[in-house]
Each structure stands twice: as structure tokens, then as C-alpha cells.
Asks: 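Please read through the structure below; I'll follow up with questions.
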Amino acid sequence: MREPQLSGVGVSPGRASGPVVKVTESIEEPASTPAPDDPHAEAARVAPAAQAVAARLEATAAAATGDAAMILTTTAAMAADPALVSQAEQLVTAQRIPAARAVYEAANGFATALASAGGYMAERVRDIHDVRDRIIAELLGIEPPGVPTLERPSVLVARDLAPADTAALDPGKVLALVTEEGGPTSHTAILARSLRIPAVVAVRGALAMEAEAVAVDGVTGEVKAVDRDAPVVSATESARAEWDGVGSTSDGRRVKVLANVGAPADALTAAEAGAEGVGLFRTEFCYLDVDVEPAVADQKAAYSAVLGPFAGKPVIVRTLDAGADKPLVFLAQEDEPNPALGVRGIRVSFERTGVLDRQLEAIAGAAEESGADVSVMAPMVATAEEAAWFADRARASGLSRVGVMIEVPSAALTAREVLDAVDFVSLGTNDLAQYTFAADRQLGAVATLNDPWQPALLRLVALVGEAAKEKGKPAGVCGEAAADPLLARVLTGLGITSLSMNAGAVGAVGASLAAVTFADCERAAGAAVAAPTARAARAAVAEIG
């Protein structure tokens, strides 16, 4: 019996319909027999297979840009990880098992460790499984699982998509994406928005749906069976070309349209996309894969490379957002029973003030060298006292404009007091939703709770917007909620003065704001906040237009 309609979380706007192509599941578990005749020769096959996979991913990354290039490069590095290769080689020789089985067991061990760490590290489990399957396929001489070659424009349906697969999609052939797992902040969602492909995640039963063709609504989250002979409909974004590059409503209400960046390549992509500046510069890239804290001079050089494309424009730099859920070797932190609620973000700085002070020194130096209009903000601030502590330290380093991120409900509820201590605030809606609903943002089973259209989340945004207006200070949003062109109108109506997103969404958001008045935004905000559910909020705002 065909299921006529399913629903999930719309994560990339647009409507499309067409034939269904289902994506292959993970590779079949390799057998542990027969034992190799020469274990050392068998073990020697692992490294070349891993290098071959890494080389193909690097070649694909070289042809990509922005988020796609960064994710492909990261996945390539995982494939060539010496620790993974070494572990697999040892399993072959110690247990006398085939290389494919050894890679399977070694990778699963890494994945289990990442999953237990939670948070950011748990987000990498899908990447590890993807790398595992690619190396195994190379060893067995078979095609790796993943997106098949599309003979015609189609709607892809999968349990989940590996980041590397999503990054390599051809928007000319992929009408829409539908996945059973994932959430609003998953790589699938971020890349779909970047590629401007309508997408719906957390659609339970999608793979069991018998429809030969479906219609997908990336705003409402509806996935509906249609007749297989129905006309193919592609998503269009004609409004994108109408944006003049200045973030504002049609009646002149200024709303800066900024980009989120995390590496020099991201900054170039954002500048080319027309971003007016950077609303979130993630500095973690400077600390990854190092055993010791980078020297101030090295940090300064790395930051300058990101700031350079935005000389004379605003850039908000976030200080190190690390902790037990984003472990860095040189911090040598202890394991925690619940990393998401442990020592992370600014809490690390309380324990290691020298790390913060040296980073602030490097940021101040890079600001002077690059000519960018730099502000700095701290992550995971929970109280006004913490905000004041950070502001004093940042200003003492020579950075005059200081803010904090609001990612914890307590900070939203005390926004007036927080704003007394700093010059601006920026809402990280991804974490704010996670902590408001007690729902892991990477877990598909609770993805609907992390939907940025949830009225409870929007009401917290409204509290911050009201406080910012009262204090006469800016309030931005730098979570993925800002990348939704329709939700951008709601956020503007709630008093948000800047929106920061992935580079691929800049044009669509700018055009969406330019098409309405501020009064329209206020009406949309009122309707969304008053709605009983996320679905009702979307529908109410869509009806207003």
C-alpha cells in the first residue's frame, strides 16, 4: 500500500517534484574469513587503498568551493588518517583477518569513541562511516555505496547522505533531497541550502514509501506521492537576482546580511557571494590537529588570512569554542559524563585564562594588519557576570567592540543585564534550540524539536530583540535559522539587526528581505510567535507572504 504523504523538517526552502531515486545503504559488513595466507602482505594493502580514497576526495574538493570544499577536504583527511590505517594494519596481523574486515572494525571503533563524546565530535560519526565504506569498496574492488549516476533529474531519498556525497551533488540533476535521519544543522541541511536544493530531513518511513515520484516542500517539510507521469518541477529562486547587495527591507530598514566562515577559503567564497561582512568567524580551525597551543604569531597569521577579504567591513570573531564535546589535544581536559553540559566555550577560558589572552592578542594584531572592522565575542555565556568578565578581558587586549553569544536559555532570559555588560549579542540558534528543548541537534529522532520555527525558540529570540531595542544595541542571529529566507523576515520582525549564514544562502536571504516592508516582517513575526507549533508557524508566515 502506497503512503500518500509523509512529513519531516524542512531544512532548505523550495518546492520540487519528480521521480524517486533511492540511495544505497551502507556497504555490507565484510566477512572475517578466510584468514590471509600472508598477513603482512594483506596489511600492506590498507594504506594504498586509503590513499586512493583520499586522493579522489581531494580531487573533488579542488573542484568545489565554500562549505562543499571544506567538508570534502576534511573527509579526505579522515580517509588518510595514519591512526585509522595503523589500527587496521595491526588488526590484520594480530587477528589474521582480511584487510576489509580490519578497516571495518577499526573505523567502527573510532566512530564509537566519537559518538560517546557527544556534540560536535558525534557529528563526525557519519563521516567516519562514509570513509570506512569507501576504503572497504576500494579493497574489494567494488563500487562504494552512495548516490548513483542520475540519468534524469530526480528526487534523492536516503537514510542519510554522507557529507562527501552531498557536497558532490549536481543541482542540475538533483531536484530535492529527502532523508530519514539528520536535523536542521546537519551537513546535509547546510550543504543543501548552499546548493539551493530543497531538502526535508527526519522523514520517518521515507525509504519504505512506495511512490515512484514525489513532491517535496522544503519549507513545510511535506513529502507527497504524485503520479509517476506528473510533470517534473524544478525549484526556482528567481528572486535571488533581484538583491542589490545591501541588506534591508523594501522601506529601508537596515538588516546586515553576513556570512559564517571558518577558514580562509570560506572567507573568499563569502566575499564572492556578496556578504556584507562576517557575523561569525569560527577560530577553531587554527587549533585542530595540533598537540600544542599555536603561537600568537601563528594565530595572527591564520586570522589575517580570513579577515583579508573583508578589509573595511565588519567581522565578528568568536573566541575558541572548545571543550569536552570538541576536544583539543593541547587542552588535555578530563572526560565528562555529559560533555554538552560541561566545560566548553567560555568555561574553558575561566580555567585557562592564558589561552584566551593569547588568542585575544592575536585577534587584535590580525585586526590591525588586515584593516577589517573587527569585533570579538565569547561562546556559551550563561550569565551577565560571565559577559562582564569577558568584556573586561577583551577590552584590556585592545579590542574595543565586545559581545557574547546567546546559546543558553539563561542568557536569553537575562538579555537586558547581559547587554549592560557588552556592546552587542548574537544568537546561536543551533545550540539555543538544543538546550531549550533538551534535544541533541544531530539526532534525527528529535529533529522536529530543533526546528528553528519552534515557537518557544522564537519567543526567546523575541525577548532578546526587545532587550536590544530597549538598550539601543545590536542583536544578530548566526545560527542556521538565519539561512531560511522566510524565517529571516520573522527574525527581522523580532528585532534582529543582522543575519549571518552560509555563503550559499546570502543572496536568497537578501532578496527575501528586499521584497517586503518592515511592517510585513513584524506581521510575520507576530504570526510565528503566536503559533502553537512549528508547522503552524511556517504555514502562517507563508500565507502572509
Side-chain angles (χ1 to χ4, degrees), residues 185 246-249 253-262 266-267 270 273-283 310 313-319 321 345-346 372-381 387 390-391 394 399-409 411-412 415-416 418-433 452 457-458 460-485 487-503 505-506 509-510 512-513 518 521 525:
T185 63
V246 178
S248 69
T249 59
R253 179 78 171 205
R254 192 76 168 91
V255 184
K256 292 179 182 177
V257 179
L258 311 170
N260 296 338
V261 304
D266 298 346
E276 298 181 279
V278 173
L280 171 61
F281 170 14
R282 304 180 181 96
T283 56
F310 289 95
K313 295 184 178 181
V315 177
I316 300 176
V317 182
R318 183 182 70 187
T319 54
D321 188 12
I346 195 173
D373 181 13
V374 172
S375 305
V376 67
M377 66 180 177
M380 285 296 294
V381 168
F390 175 75
L399 293 158
S400 60
R401 190 168 185 271
V402 182
V404 297
M405 291 194 70
I406 292 187
E407 303 164 280
V408 182
R416 284 173 175 78
V418 169
L419 280 162
D420 282 336
V422 295
D423 303 306
F424 68 94
V425 294
S426 184
L427 288 124
T429 52
N430 303 347
D431 267 327
L432 184 58
L457 178 64
L458 295 178
L460 286 175
V461 175
L463 287 177
V464 177
E466 290 168 5
K469 181 180 179 180
E470 178 184 309
K471 298 295 182 179
K473 295 181 179 180
V477 167
C478 60
E480 286 303 317
D484 184 332
L487 187 53
R489 298 176 181 180
V490 172
L491 298 174
T492 297
L494 292 175
I496 297 305
T497 56
S498 68
L499 299 166
S500 191
M501 65 215 70
N502 65 79
V506 166
V509 170
S512 178
L513 294 176
F518 181 63
C521 293

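Counting from 1, the numbers follow the sequence of the chain as shown.
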Asks: Using side-chain heavy atoms (C-beta onward) and a distance below 4.5 Å, is Met501 in contact with Val257?
Replies: yes

Asks: Check whether Glu470 reaches the backbone of Arg416 with its side chain - one donor and one acceptor, N or O, closer than 3.5 Å.
Replies: no

Asks: Report the C-alpha separation of Val261 and Val315 in whole Å, then their side-chain angles, then the decisive distance to 0.1 Å, and conclude whether the side chain to side chain contact (heavy atoms under 4.5 Å, CB included) test is met.
Replies: CA-CA 10 Å; Val261 304; Val315 177; over 6 Å; no

Asks: A side-chain contact here means heavy atoms from C-beta on lying under 4.5 Å apart; do Pro409 and Leu432 qualify?
Replies: yes

Asks: Between Phe424 and Thr497, is there a side-chain heavy-atom distance shorter than 4.5 Å?
Replies: no

Asks: If I take atom CE from residue Met405 and atom OG1 from residue Thr429, how far apart are they, to the nearest 0.5 angstrom?
Replies: 8.5 Å

Asks: Do Phe390 and Ile346 have side chains that approach each other closer than 4.5 Å (heavy atoms only, starting at C-beta)?
Replies: yes

Asks: Rounded at 0.5 Å granularity, tell me how far OG1 in Thr492 sits from CG in Leu499.
Replies: 5.0 Å

Asks: Which distance, rounded to the nearest 0.5 Å, do you find between the CG of Leu491 and the CG of Leu513?
Replies: 9.5 Å

Asks: Salt bridge (charged side-chain N to carboxylate O under 4.0 Å, His left out) with Asp420: which residues, sequence neighbours excluded?
Replies: Lys471

Asks: Check the pair Ser426 / Leu280 against side chain to side chain contact (heavy atoms under 4.5 Å, CB included), numbers first and verdict last.
Replies: CA-CA 9 Å; Ser426 184; Leu280 171 61; over 6 Å; no

Asks: Do Pro452 and Leu487 make a side-chain contact, defined as non-hydrogen atoms from C-beta onward lying under 4.5 Å apart?
Replies: yes

Asks: What distance do Asp431 atom CG and Asp321 atom CG have between them, rounded to the nearest 0.5 Å?
Replies: 7.5 Å

Asks: Ala475: which residues meet the side chain to side chain contact (heavy atoms under 4.5 Å, CB included) condition with it, sequence neighbours left out?
Replies: Val425, Val464, Ala468, Ile496

Asks: Taking all non-hydrogen atoms of both residues into account, name the closest pair between Ala275 and Phe310 and its distance.
Replies: O-CE2, 3.8 Å

Asks: Specify the closest pair of heavy atoms between Ala411 and Val418, including all atoms of both residues, with the distance to one decimal.
Replies: O-CG2, 4.1 Å

Asks: Measure the shortest side-chain to side-chain distance between Pro379 and Thr319 over non-hydrogen atoms and say whether it is less than 4.5 angstrom.
Replies: yes

Asks: Using modelled atom types and a 3.5 Å cut-off, is there a donor and acceptor pairing between side-chain atoms of Lys256 and backbone atoms of Gly279?
Replies: no

Asks: Can you measure from CZ (Arg318) to SG (Cys478) and round to the nearest 0.5 angstrom?
Replies: 7.5 Å

Asks: Looking at residues at least two apart in the chain, or sitting in another chain, which of them share a side chain to side chain contact (heavy atoms under 4.5 Å, CB included) with Val408?
Replies: Met380, Ala382, Ser410

Asks: Side-chain contact test, heavy atoms from C-beta onward, threshold under 4.5 Å: evaluate it for Arg254 versus Val246 and give yes or no.
Replies: yes

Asks: Is the number of heavy atoms from other residues, nucleotides or ligands within 6.0 Å of CZ (Arg401) greater than 12?
Replies: yes

Asks: How long is the straight-line distance from CG of Asn260 back to OG of Ser500, given to the nearest 0.5 Å?
Replies: 3.5 Å

Asks: Determine whether a donor-acceptor pair (N or O, by modelled atom type, separation under 3.5 Å) exists between the side chain of Asp423 and the backbone of Val402.
Replies: yes

